[in-house]
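The block underneath contains the structure these notes are about, expressed in structure tokens.
Labels below follow one simple rule: chain letters A, B, ... track the order of the sequence lines, proteins then strands, and each chain is numbered from 1.
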Number of protein chains: 2
Amino acid sequence: MGLTKTEKFTEEQNHISTIAKAFAHPARVAILQHLFKIDTCFCGDLVTEIGLAQPTISQHLKELKQQGLIQGTIEGTSVCYCINKENWNAMKGKLSLFLNQDLTLSMNCC
Amino acid sequence: MGLTKTEKFTEEQNHISTIAKAFAHPARVAILQHLFKIDTCFCGDLVTEIGLAQPTISQHLKELKQQGLIQGTIEGTSVCYCINKENWNAMKGKLSLFLNQDLTLSMNCC
DNA sequence: TCTATTCATCGTAATATTGCAATAAGCTAA
DNA sequence: TTAGCTTATTGCAATATTACGATGAATAGA
């Protein structure tokens, strides 16, 4: 009932779904795109850029940080965020294995 | 609230998050992996393979079908599901654009 | 020290998602 | 037709997610 039955699935399946959850909200997609474009930016910039309330952005940043996709360092009173490129590439590799499963076996069957 | 503010984001950002939602549950990952492995299978096979109740599997299949990632054709009393390879590749292309954003600009900044 | 600024956390309200029992719908075969 | 099988739908309960006001923590500058 509303509780995902994690124990029924393999570690890989749970991992892939966890990765996907990071991208499963447009605000987090927007944050990542902005960080790629700008290379580095403060939390406050994201608030004005995206137009959600500051606690909401902070919450999305926390999720991305927990997955290791971004990192933040304190600079005076503000926090500078950027993509963690090593972890991003690792994530990409993991996800690619799933996305690039062999499609050549046959034509659509049905 | 709890209501995602879709209007605040670009069409692309909303699209990517919608794609990601398809993979954001291990049961749907497991269904897709099984369909890749077996190439085609009946809904009932997935129920025994994955071990969730039949209505639950049916619901996950519905979501994957709505995204166009899988398709099902009725065969007698059962339904044969398989990957929609055209749509799968289209999805992969869209997601790759997001995943492969340029990382070469600089080292980690912070 | 006091104030202003920036960001994180807490608490809460609302919507979304997950899971399943019960049931409906559709087909096959007797 | 009836019985049996398979899958979809409905309805409900429980957990998860999203959003934001209020507040707290930390720093910089007056």
Side-chain angles (χ1 to χ4, degrees), chain A residues 1-9 13-14 17-31 34-35 40-67 70-82 110, chain B residues 1-9 13-14 17-31 34-35 40-67 70-82 110:
Chain A
M1 293 113 212
L3 199 161
T4 296
K5 300 201 161 175
T6 310
E7 74 281 3
K8 298 236 177 194
F9 306 101
Q13 286 158 354
N14 284 312
S17 67
T18 300
I19 291 172
K21 265 178 204 155
F23 308 136
H25 193 287
R28 291 192 290 272
V29 173
I31 288 171
H34 193 69
L35 285 179
T40 163
C41 77
F42 297 115
C43 172
D45 298 340
L46 290 165
V47 173
T48 55
E49 172 76 16
I50 293 177
L52 294 179
Q54 178 267 324
T56 307
I57 297 293
S58 196
Q59 196 171 319
H60 285 304
L61 286 170
K62 186 182 178 184
E63 289 175 57
L64 292 172
K65 205 162 46 179
Q66 275 171 347
Q67 293 230 17
I70 65 172
Q71 58 189 286
T73 44
I74 300 171
E75 289 196 10
T77 59
S78 39
V79 178
C80 170
Y81 281 100
C82 68
C110 41
Chain B
M1 285 103 208
L3 200 161
T4 295
K5 301 200 160 176
T6 309
E7 75 281 2
K8 297 236 177 195
F9 305 102
Q13 287 158 353
N14 285 312
S17 67
T18 301
I19 292 172
K21 266 180 203 152
F23 307 138
H25 193 287
R28 293 193 287 273
V29 173
I31 288 172
H34 193 69
L35 285 178
T40 163
C41 78
F42 297 115
C43 171
D45 298 340
L46 290 166
V47 174
T48 55
E49 172 77 14
I50 292 176
L52 294 179
Q54 178 268 323
T56 307
I57 297 292
S58 194
Q59 196 172 320
H60 285 304
L61 287 169
K62 188 182 179 183
E63 288 176 57
L64 292 172
K65 204 162 45 180
Q66 274 171 346
Q67 293 230 17
I70 64 172
Q71 58 188 287
T73 43
I74 301 170
E75 289 196 10
T77 58
S78 38
V79 178
C80 170
Y81 281 102
C82 68
C110 41

Practice task
Would you check if the side chain of R28(B) reaches a backbone N or O of E63(B) as a donor-acceptor pair within less than 3.5 Å?
Solution key: no

Practice task
Return the value, rounded to whole Å, for the distance between atom CD of E75(B) and atom P of dC27(C).
Solution key: 14 Å

Fill in the blank from the handout: From the candidates dT9(D), dA19(D), dA8(C), the one with an atom nearest any side-chain atom of P55(B) is dT9(D)

Practice task
May I ask you to verify if any side-chain N or O of H60(A) is less than 4.0 angstrom from the OP1 or OP2 atom of dT17(D)?
Solution key: no

Exercise for the section: Describe the nucleic acid contact of S78(B) in one word from base, sugar-phosphate, nothing, applying a heavy-atom distance below 4.0 Å. Expected result: sugar-phosphate

Practice task
Rounded to the nearest angstrom, tell me the gap between atom CZ in F42(A) and atom P in dA28(D).
Solution key: 13 Å

Completion exercise
I31(B) CD1 to dT18(C) P, in whole Å, measures 11 Å

Exercise for the section: May I ask you to verify if any side-chain N or O of T56(B) is less than 4.0 angstrom from the OP1 or OP2 atom of dT18(C)? Expected result: no

Handout entry: Closest non-hydrogen atom pair between K65(B) and G72(B), with its separation
Key = CD-N, 4.4 Å

Practice task
Can you measure from OG1 (T56(B)) to CG (L61(B)) and round to the nearest 0.5 angstrom?
Solution key: 11.0 Å

Exercise for the section: Any chance you could measure Q66(A), atom CD, to T18(A), atom OG1, to the nearest 0.5 Å? Expected result: 11.5 Å

Problem - Given dG19(C), dA21(C), dC20(D), the nucleotide with the shortest approach to the side chain of Q59(B) - result: dG19(C)

Problem - Among dT6(C), dT7(D), dA19(D), the nucleotide that comes nearest once only the side chain of T77(A) is considered - result: dT6(C)

Practice task
Work out which heavy atom in F9(B) is nearest to a heavy atom in L52(A); give both atom names and the distance.
Solution key: CZ-CD1, 4.0 Å

Exercise for the section: May I ask you to evaluate whether S58(B) reaches the phosphate of dA8(D), defined as a side-chain N or O under 4.0 Å from OP1 or OP2? Expected result: yes

Exercise for the section: May I ask you to evaluate whether H25(B) reaches the phosphate of dA16(D), defined as a side-chain N or O under 4.0 Å from OP1 or OP2? Expected result: no

Practice task
State whether Y81(A) places a side-chain N or O below 4.0 Å from either non-bridging phosphate oxygen (OP1 or OP2) of dA8(C).
Solution key: yes

Practice task
Could you tell me whether the phosphate oxygens of dC20(D), OP1 or OP2, come under 4.0 Å of any side-chain nitrogen or oxygen in K5(B)?
Solution key: yes

Exercise for the section: From the options dC20(D), dC20(C), dA8(D), select the nucleotide whose nearest atom is closest to the side chain of C43(B). Expected result: dA8(D)

Practice task
Side chain of A53(A) only, please: which of dT7(D), dA19(D), dC20(D) is the nearest?
Solution key: dC20(D)

